[in-house]
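None of the values given here were measured: they were computed from a predicted structure. Just so you know, residue 1 is the first one in the sequence shown, and it goes up from there. Any value given below was found using the heavy atoms of this structure, including those in side chains, with hydrogens, waters and symmetry copies removed. Indexing begins at 1, ligand by ligand and atom by atom, following the structure's order.
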Amino acid sequence: MSWVAILMGSESDWPTMRGCADVLADLDVGYEVRVTSAHRTPVATAEYVADALSRDCGVFVCGAGMAAHLAGAVAAQTVRPVIGVPIASGPLSGFDALLSTVQMPSGIPVATVAVGGAKNAGYLAAQIIAAGDAALSGRLGDDRETNRQGVARQNASVQEDLAGDSG
Ligand code: RP5
């Protein structure tokens with residue numbers, strides 16, 4: 001099975017990006033995690049991307065804050081899907097990172113999730129890999145069913161509360 005590279009610009013991004021790793025672990029999707037920066041370690045970032053591609057990496061997930069260029073820098077070097085996670089660091093609370101990550105020039109896309117949306121980045125990466133993996137598609141379907149049952153339970157609880165009010 002193909003695997004996911006999770007990259008982040010700083011260790012300070014890890015508390016957020018751990019959400020992506022947790023989702024992939026729960027879905028039994030292989031992943032690696034690296035701290036590597038578009039600005040502070042541009043050569044090491046390029047070398048890692050080349051190495052990951054030589055080992056059949058299927059999706060890159062890149063989290064960065066402030067002037068966030070990591071996802072774009074990675075996307076420039078591969079035609080594999082790149083998912084960007086804007087991190088809420090710095091005085092602008094992630095709005096800077098959101099715009100830096102999402103506003104890519106035509107031809108070099110970055111699929112940008114919400115500010116701090118590392119869990120959804122994990123789900124999206126898994127869904128991309130699941131296009132060629134029926135077993136993983138099944139696990140994603142099971143996860144949706146768990147969500148559905150959770151909402152049904154919440155609805156039943158609210159209805160019970162309302163019925164108590166009117167009784
Ligand atoms: C970005 O700058 C990193 O992705 C991080 O979100 C932010 C701050 O980095 P540190 O100063 O905490 O290392 O490059």
| said: Any side-chain to backbone donor/acceptor pair from Thr112 onto Gly84? Under 3.5 Å, distance only. | reply: no
| said: Donor-acceptor check, side chain of Ser2 to backbone of Ile129, threshold 3.5 angstrom: yes or no? | reply: no
| What residues, two or more places apart in sequence or in another chain, satisfy side-chain contact (heavy atoms from CB on, under 4.5 Å) together with Ala135? | Asp133, Arg139
Could you pull out every donor-acceptor pair under 3.5 Å between side chains of residues 8-15 and any protein atom, sequence neighbours left out?
| residue | atom | partner | partner atom | Å |
| --- | --- | --- | --- | --- |
| Ser10 | OG | Ser12 | N | 3.1 |
| Ser10 | OG | Ser12 | OG | 3.0 |
| Asp13 | OD2 | Gly9 | N | 3.2 |
| Asp13 | OD2 | Ser10 | N | 3.1 |

| request: State, to 0.1 Å, how close Thr36 and Ala44 come at their nearest heavy-atom pair, and which atoms those are. | output: OG1-C, 4.0 Å
Give every pair formed by an N or O atom of ligand 1 and a protein N or O atom closer than 3.5 Å, one pair per line with both atom names and the distance to 0.1 Å, or write none.
| residue | atom | partner | partner atom | Å |
| --- | --- | --- | --- | --- |
| ligand 1 | 4 (O) | Asp13 | OD2 | 2.6 |
| ligand 1 | 4 (O) | Gly65 | N | 3.1 |
| ligand 1 | 6 (O) | Asp13 | OD1 | 2.6 |
| ligand 1 | 6 (O) | Gly65 | N | 3.1 |
| ligand 1 | 6 (O) | Ser89 | OG | 2.9 |
| ligand 1 | 11 (O) | Arg40 | NH2 | 3.3 |
| ligand 1 | 12 (O) | Ser10 | OG | 3.4 |
| ligand 1 | 12 (O) | Ser12 | OG | 2.7 |
| ligand 1 | 13 (O) | Ser10 | OG | 2.6 |
| ligand 1 | 13 (O) | Arg40 | NH1 | 2.9 |

Identify all side-chain donor-acceptor contacts of residues 92-106 below 3.5 Å with residues at least two apart in sequence or on another chain.
| residue | atom | partner | partner atom | Å |
| --- | --- | --- | --- | --- |
| Ser100 | OG | Asp96 | O | 2.9 |
| Thr101 | OG1 | Ala97 | O | 2.7 |

